[in-house]
Peer 1: 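Input: one structure, supplied below.
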Amino acid sequence: MSVLHPDLLTADAAGALPVRIVRKDAPIEGVWGAWARSNDFTGKAGQTLLLPCSDDGLSGALFGAGETLDPMSLRALAGKLPAGLWRLEGLEPGHATQAALAFALGAYRFDRYKTRPTGPARLAVEPGVDAAAILRIAAACALAREMVDTPAADMGPLQIETIAREIAEASGASLTVTTGDALLEENYPAVHAVGRAAAPHRTPRVIEIGWNLDRTDLPLVALVGKGVVFDTGGLDIKPAAGMRNMKKDMGGSAHALALGRLVMQADLPVRLVVLVAAVENAISADAFRPGDILNSRKGLTIEIGNTDAEGRLILADILTRAGEHTPDLTLDFATLTGAARIALGPELPPLYSENEALVADLLEASRAVGDPLWPMPLWPGYRAALDSEIADVRNDSAAWAQAGSITAALFLQKFAPTTGAWAHMDIFAWNPRAQPGRPEGGEAQGLRACFEMLSRRFPGPIT
């Protein structure tokens with residue numbers, strides 16, 4: 001999956017048509033200027049104009065930079081240019097790599113179910129730009145987006161396992177999968193409870209990738225992802241509107257797997273563990289119920305107040321498992337709460353961590369690569385909202401606390417590794433509206449920022 005066109009980016013510019021970057025209201029000389037004026041092209045940010053030539057072909061294109069070019073705005077180009085080879089003119093110094101990445105990100109198309117998929121435009125990059133490294137990042141984002149976009153019927157727990165297996169095999173990593181009733185034997189009771197109502201061919205599973213684990217001289221990074229392949233809400237069933245896009249509820253697992261692949265491909269000097277719980281929150285006579293008390297791998301009991309707060313239950317078990325590796329750094333990704341969208345909207349994922357150095361590094365990396373995150377507090381005053389009269393903790397916070405994304409993060413904190421630093425990202429993994437270079441559907445959020453942070457903390461390759 002997510003194999004980008006192999007020559008989407010190339011260093012060979014022979015025959016490439018120019019795309020001239022034009023600032024807003026900047027003069028355009030010659031015949032191109034006349035064509036721009038006749039088509040009301042003013043250089044407004046994101047504006048694109050194809051330039052014809054006399055033989056019914058094209059001689060190039062204009063792209064509007066606005067007042068100042070944001071290189072990420074070039075995501076729009078790949079979808080606006082026809083198939084062929086193009087090159088950029090007029091980039092500012094230092095923008096070539098970001099511009100090439102933006103183009104590659106904008107080339108993503110989910111056309112698996114289209115009878116006539118379209119061919120991509122291609123970009124000739126400037127000398128010195130590492131096209132292979134850019135394509136690895138773009139392919140990781142495409143993997144996450146494609147997994148999210150794929151309907152649940154074709155992206156069940158087994159399919160997530162298959163993708164994890166391919167990733168592990170490509171890098172010589174180990175893979176362990178615990179499935180069905182074996183989850184009880186191996187002490188993943190919360191994962192089993194959430195997923196046990198699914199059909200037999202969609203049984204729940206815990207997937208663990210291990211890489212470089214024999215290199216005890218290297219720091220250990222754990223990546224954890226929520227993989228609810230479809231969320232009906234369980235017995236607390238969602239309304240139709242709330243269920244429509246629940247194929248995306250495995251977005252956390254997609255991000256963890258894609259980031260893990262990037263780390264291994266870049267040969268960062270770390271030991272790596274990737275943990276995913278893949279389940280379907282289905283409805284049957286065996287579904288877990290409101291009022292049930294679940295055990296967890298950590299030994300804490302959990303009172304179920306709402307079966308639609310299932311993601312934190314499976315994360316409880318695999319965060320505990322991550323802690324058993326004594327990680328130096330743990331990152332978890334989850335499409336966890338609607339409250340996060342109320343707080344920050346669909347484009348700005350909340351970031352939770354009490355480690356100030358990690359937050360600072362993630363935010364600096366986020367700004368550097370144009371992949372936004374926003375810090376949120378693990379406010380201790382709301383911990384009491386998770387208290388239960390009959391269990392150690394409840395999975396739905398008391399209504400008085402109101403801050404659903406914060407209380408969900410506080411729930412996870414009870415199970416997170418106590419060694420090293422831990423950060424939780426409550427991602428949406430979805431574009432609710434189409435924008436240039438960002439089609440409606442699956443989106444990678446925080447993935448590039450996390451990889452940039454890891455690359456800065458642990459510069460490769462391994463020695």
Peer 1: Side chains of T335 and D249: is there a donor and an acceptor less than 3.5 Å apart?
Peer 2: yes
Peer 1: According to side-chain contact (heavy atoms from CB on, under 4.5 Å), who are the partners of A107, at least two apart in sequence or on a separate chain?
Peer 2: L8, A78
Peer 1: Would a distance-only check, ignoring hydrogens and angles, find a side-chain to backbone donor-acceptor pair under 3.5 Å from N39 to W35?
Peer 2: yes
Peer 1: May I ask you to check whether E443 and N431 show a side-chain donor-acceptor distance below 3.5 Å?
Peer 2: yes
Peer 1: Between OG1 of T330 and CG of L223, what distance do you get to the nearest 0.5 Å?
Peer 2: 8.5 Å
Peer 1: Could you give the distance from CZ (R448) to CD (E452), rounded to the nearest 0.5 Å?
Peer 2: 9.5 Å
Peer 1: Who are the side chain to side chain donor-acceptor pair (under 3.5 Å) partners of R20, not counting sequence neighbours?
Peer 2: none
Peer 1: Going by ring pair (Phe, Tyr, Trp, His ring centres under 6.0 Å), name the residues that satisfy it together with F110, two or more places apart in sequence or in a different chain.
Peer 2: Y113
Peer 1: Are the side chain of D317 and the backbone of V191 linked by a donor-acceptor contact shorter than 3.5 Å?
Peer 2: yes
Peer 1: Considering only heavy atoms from C-beta outward, does the side chain of T176 approach that of I207 to under 4.5 Å?
Peer 2: no
Peer 1: Could you grab the distance from atom OG1 of T203 to atom CG of D181, nearest 0.5 Å is fine?
Peer 2: 9.0 Å
Peer 1: Check the pair R112 / T150 against side chain to side chain contact (heavy atoms under 4.5 Å, CB included), numbers first and verdict last.
Peer 2: CA-CA 8 Å; R112 176 176 174 178; T150 301; 3.2 Å; yes
Peer 1: Any donor-acceptor pair under 3.5 Å linking the side chain of T42 with the backbone of D25?
Peer 2: no
Peer 1: Within the side chain of T232, is there an N or O that forms a donor-acceptor pair under 3.5 Å with the backbone of N281?
Peer 2: yes
Peer 1: Between the side chains of S73 and R75, is a donor N or O closer than 3.5 angstrom to an acceptor N or O?
Peer 2: no
Peer 1: Can you tell me if D111 uses its side chain to pair, donor with acceptor, with the backbone of K114 under 3.5 Å?
Peer 2: no
Peer 1: How long is the span from the CG atom in L447 to the CZ atom in R145, to the nearest 0.5 Å?
Peer 2: 11.0 Å
Peer 1: Check this for me, if you would: do E364 and R456 make a salt bridge, where the nitrogen-to-carboxylate-oxygen distance has to be below 4.0 angstrom?
Peer 2: yes
Peer 1: What distance separates M425 CE from L336 CG, expressed to the nearest 0.5 Å?
Peer 2: 12.5 Å
Peer 1: Side-chain donor-acceptor contacts of residues 237-246 below 3.5 Å, not counting sequence neighbours, with atom names and distances?
Peer 2:
unit_1	atom_1	unit_2	atom_2	d
K238	NZ	D308	OD1	3.1
K238	NZ	D308	OD2	3.0

Peer 1: Would E67 and R23 satisfy salt bridge (charged side-chain N to carboxylate O under 4.0 Å, His left out), going step by step from the backbone distance to the final call?
Peer 2: CA-CA 6 Å; E67 299 291 343; R23 289 180 179 274; over 6 Å; no
Peer 1: Would you mind reporting whether R271 and W211 have side-chain heavy atoms less than 4.5 Å apart?
Peer 2: no
Peer 1: Could you tell me whether the side chains of E208 and H325 share a donor-acceptor contact shorter than 3.5 Å?
Peer 2: yes
Peer 1: With a 4.5 Å cut-off on side-chain heavy atoms, are M155 and I160 touching?
Peer 2: yes
Peer 1: With sequence neighbours excluded, what pairs up with P372 under the side-chain contact (heavy atoms from CB on, under 4.5 Å) test?
Peer 2: L348
Peer 1: Is a side-chain donor-acceptor pair under 3.5 Å present for D371 with S366?
Peer 2: no
Peer 1: Evaluate the side chain to side chain donor-acceptor pair (under 3.5 Å) criterion for residues T337 and D426: first the C-alpha distance (whole Å), next the side-chain angles of each, then the deciding distance (0.1 Å), finally the verdict.
Peer 2: CA-CA 7 Å; T337 68; D426 191 345; 2.6 Å; yes
Peer 1: Would you mind reporting whether L101 and M72 have side-chain heavy atoms less than 4.5 Å apart?
Peer 2: yes
Peer 1: T320: what forms a side-chain contact (heavy atoms from CB on, under 4.5 Å) with it, not counting sequence neighbours?
Peer 2: R297, K298, E324, F415
Peer 1: Any sub-3.5 Å donor-acceptor pair from T178's side-chain atoms to R205's backbone N or O?
Peer 2: no
Peer 1: Counting distance only, does the side-chain N/O of Q47 pair as donor-acceptor with the main-chain N or O of K44 below 3.5 Å?
Peer 2: yes
Peer 1: So, S253 side chain and V276 main chain: donor-acceptor pair closer than 3.5 Å or not?
Peer 2: no
Peer 1: Does a side-chain N-to-carboxylate-O contact under 4.0 Å join E310 and R312?
Peer 2: no
Peer 1: Is the shortest heavy-atom distance from the side chain of F63 to the side chain of K80 under 4.5 Å?
Peer 2: no
